[in-house]
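Note that the structure is predicted; figures quoted are calculated from it, not measured.
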Amino acid sequence: MVKTAQKIKFLDVGHGDSSVIFLKDTGCKTAKAVIIDIVDADKAADELAREDIRILKILIISHFDADHCKGVNDFLEKFLARGKVRSICYNLDRWKPTQIMRCLLRRFLELCRMHSCTLLGVHLDTNMHKHELIGDDSAKLSVIYPNEEDNTIEYLNHNTNNKSIVCILESASCTTLFPGDLEAEGWDRLLNRLPALKCDILKMPHHGAFYADDKAAGTNRIVKSLKPKMAVISTKEHKRYRHPDLETVKVLKKNGVRIYCTEYTNMCQCSTIEPERKCYGDIEIIVDKSGYQIFTEKNMALSLHQPACI
């Protein structure tokens with residue numbers, strides 16, 4: 001059966017990441033999906049229910065920071081009551097797991113055993129550039145980072161962000177990159193291995209954090225190398241992290257990249273009383289043979305005093 005990407009949806013989950021890729025099998029009435037990261041279990045489950053998805057081909061946990069995985073177990077308990085999860089792809093990314101992570105993994109493994117979910121630990125061989133997860137000539141979803149060397153280096157550095165699983169969804173008309181929270185040192189190794197790597201849509205790493213180009217692959221090099229047409233920033237106002245960084249926005253605008261933020265922040269100098277603080281909200285990409293179209297839940301740009309991303 002031919003598997004083609006029909007729709008990509010970046011969910012508005014506040015300061016965190018959660019993406020859904022909808023798949024359709026030619027000649028089969030049963031739709032399937034892939035999820036990359038789950039923060040809000042109810043939102044992810046509702047999204048699949050809305051599309052009548054009963055088979056989740058793969059759940060990918062890019063890494064075990066809470067803003068990427070805290071909704072995983074709750075989602076599994078809800079979804080497995082009516083559907084099937086074929087496989088779950090993840091890497092352990094901490095030298096010493098936190099107590100919260102231990103509890104998450106214990107229940108996670110219990111659910112996987114109860115429902116016969118296949119566990120995939122993806123460590124690329126150092127001689128491999130891609131590990132294909134699903135697809136055919138129409139569309140492919142592959143892991144392109146980390147490889148064994150990356151895992152070892154970042155295990156010793158205690159850097160969980162640079163152990164993020166990076167996925168690429170490729171079709172003839174649209175390529176989308178999902179890099180988790182990959183930081184400058186990880187990007188440096190990835191871009192050196194795959195200098196021809198390009199994408200149409202880039203889910204911005206680490207919620208729009210800015211990386212300087214002085215020691216590794218900074219934001220400027222990343223954008224110039226990948227040449228995306230569209231950047232998605234999944235974020236909200238956060239006093240500690242202050243994502244997205246204004247320097248990131250400047251680099252994207254300088255390179256002519258259209259920016260879509262799920263929620264607005266004080267960087268936008270907001271003058272709106274919108275209670276949900278949405279900018280574009282959920283961001284949906286419809287892909288067909290000729291190209292792709294972008295649909296957003298909201299567009300609050302007109303209600304901002306000095307929007308930074310426009």
Side-chain angles (χ1 to χ4, degrees), residues 1-11 17-26 28 30-38 44 47-48 51 53-63 68-69 72 75 79 83-91 117-125 128-147 150 163-182 186 190 193-194 196-205 226 228-232 234 283-289 291-292:
M1 290 185 289
V2 179
K3 305 173 182 67
T4 57
Q6 302 293 312
K7 181 166 67 174
I8 306 160
K9 197 159 186 179
F10 299 92
L11 303 182
D17 275 354
S18 190
S19 307
V20 187
I21 302 167
F22 294 94
L23 305 168
K24 185 177 180 181
D25 286 347
T26 302
C28 181
T30 304
K32 299 177 177 66
V34 172
I35 294 183
I36 303 174
D37 292 336
I38 299 178
E47 190 65 37
L48 297 191
E51 299 288 338
I53 301 292
R54 298 181 183 275
I55 300 175
L56 190 63
K57 289 282 290 181
I58 304 176
L59 165 59
I60 299 169
I61 304 171
S62 68
H63 61 302
H68 291 256
C69 72
V72 166
F75 167 81
F79 184 76
K84 172 71 175 175
V85 178
R86 292 279 174 80
S87 58
I88 301 177
C89 175
Y90 70 100
N91 284 336
C117 303
T118 300
L119 298 179
L120 303 175
V122 178
H123 289 200
L124 298 178
D125 183 277
M128 290 177 59
H129 289 159
K130 292 184 182 180
H131 174 80
E132 186 177 311
L133 296 175
I134 55 175
D136 62 11
D137 291 338
S138 298
K140 292 181 174 67
L141 179 67
S142 305
V143 172
I144 59 174
Y145 180 100
N147 67 17
D150 302 323
K163 285 174 69 68
S164 292
I165 294 174
V166 178
C167 296
I168 186 167
L169 179 67
E170 300 170 284
S171 68
S173 57
C174 181
T175 297
T176 306
L177 194 61
F178 305 86
D181 280 354
L182 192 66
L190 176 59
R193 285 201 298 269
L194 295 173
L197 183 65
K198 301 288 184 290
C199 66
D200 299 289
I201 300 168
L202 173 62
K203 197 286 298 178
M204 289 302 291
L226 298 177
K229 300 177 180 68
M230 166 187 170
V232 174
S234 184
I283 299 161
E284 183 176 285
I285 316 296
I286 304 296
V287 182
D288 59 29
K289 292 180 180 179
Y292 58 91

Determine, stepwise, if the pair Lys9 / Glu47 fulfils side-chain contact (heavy atoms from CB on, under 4.5 Å).
CA-CA 9 Å; Lys9 197 159 186 179; Glu47 190 65 37; 3.1 Å; yes
What closest approach, in Å, do [X] and [Y] show between heavy atoms, and which atom pair accounts for it?
| X | Y | result |
| --- | --- | --- |
| Leu11 | Ser234 | O-OG, 4.0 Å |
| Ile201 | Ile285 | CD1-CG2, 3.7 Å |
| Lys130 | Leu124 | C-CD2, 4.2 Å |
| Ser164 | Pro146 | O-CD, 3.7 Å |
| Ala33 | Leu56 | O-CD1, 3.3 Å |
| Ile168 | Lys198 | CD1-O, 4.3 Å |

Answer yes or no: is there a side-chain heavy-atom contact under 4.5 Å between [X] and [Y]?
| X | Y | value |
| --- | --- | --- |
| Ile21 | Phe178 | yes |
| Thr175 | Leu169 | no |
| Ile283 | Ile8 | no |
| Ile88 | Thr118 | no |
| Phe79 | Ile38 | no |
| Leu119 | Tyr90 | yes |
| Leu23 | Lys57 | yes |
| Leu141 | Cys167 | yes |

What distance do [X] atom [atom1] and [Y] atom [atom2] have between them, rounded to the nearest 0.5 Å?
| X | Y | atom1 | atom2 | answer |
| --- | --- | --- | --- | --- |
| Cys117 | Leu59 | SG | CG | 9.0 Å |
| Ile165 | Leu120 | CD1 | CG | 9.5 Å |
| Ser18 | Phe75 | OG | CZ | 8.5 Å |
| His129 | Asn147 | NE2 | CG | 8.5 Å |
| Tyr292 | Ser171 | OH | OG | 10.5 Å |
| Ser142 | Leu133 | OG | CG | 6.5 Å |

Donor-acceptor under 3.5 Å (Lys203 side chain, Gly180 main chain):
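Pair found, side chain donor or acceptor close to backbone of Gly180.
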Has Ser62 got a side-chain atom pairing as donor or acceptor with Ile36's backbone, closer than 3.5 angstrom?
no
So which of Val34, Ile58, Ile55 actually passes side-chain contact (heavy atoms from CB on, under 4.5 Å) with Arg86?
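With Arg86 as partner, side-chain contact (heavy atoms from CB on, under 4.5 Å) holds for just one option, Ile55.
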I'd like to know whether Phe22 forms a side-chain contact (heavy atoms from CB on, under 4.5 Å) with Leu48, so could you lay out the CA-CA distance, the side-chain angles of the two residues, the decisive distance to 0.1 Å, and finally the verdict.
CA-CA 9 Å; Phe22 294 94; Leu48 297 191; 4.2 Å; yes
Basic-acidic side-chain contact under 4.0 Å: [X], [Y]:
| X | Y | answer |
| --- | --- | --- |
| Lys7 | Asp288 | no |
| Asp150 | Lys163 | no |
| Lys140 | Glu170 | no |

Applying side-chain contact (heavy atoms from CB on, under 4.5 Å), run through His63 and Asp181 and close with a yes or a no.
CA-CA 8 Å; His63 61 302; Asp181 280 354; 3.2 Å; yes
Salt bridge (charged side-chain N to carboxylate O under 4.0 Å, His left out) with Asp37: which residues, sequence neighbours excluded?
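For Asp37, no residue satisfies salt bridge (charged side-chain N to carboxylate O under 4.0 Å, His left out) once neighbours in sequence are set aside.
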Quick one: do Val287 and Ser173 satisfy side-chain contact (heavy atoms from CB on, under 4.5 Å)? Show the steps, please.
CA-CA 8 Å; Val287 182; Ser173 57; 3.6 Å; yes
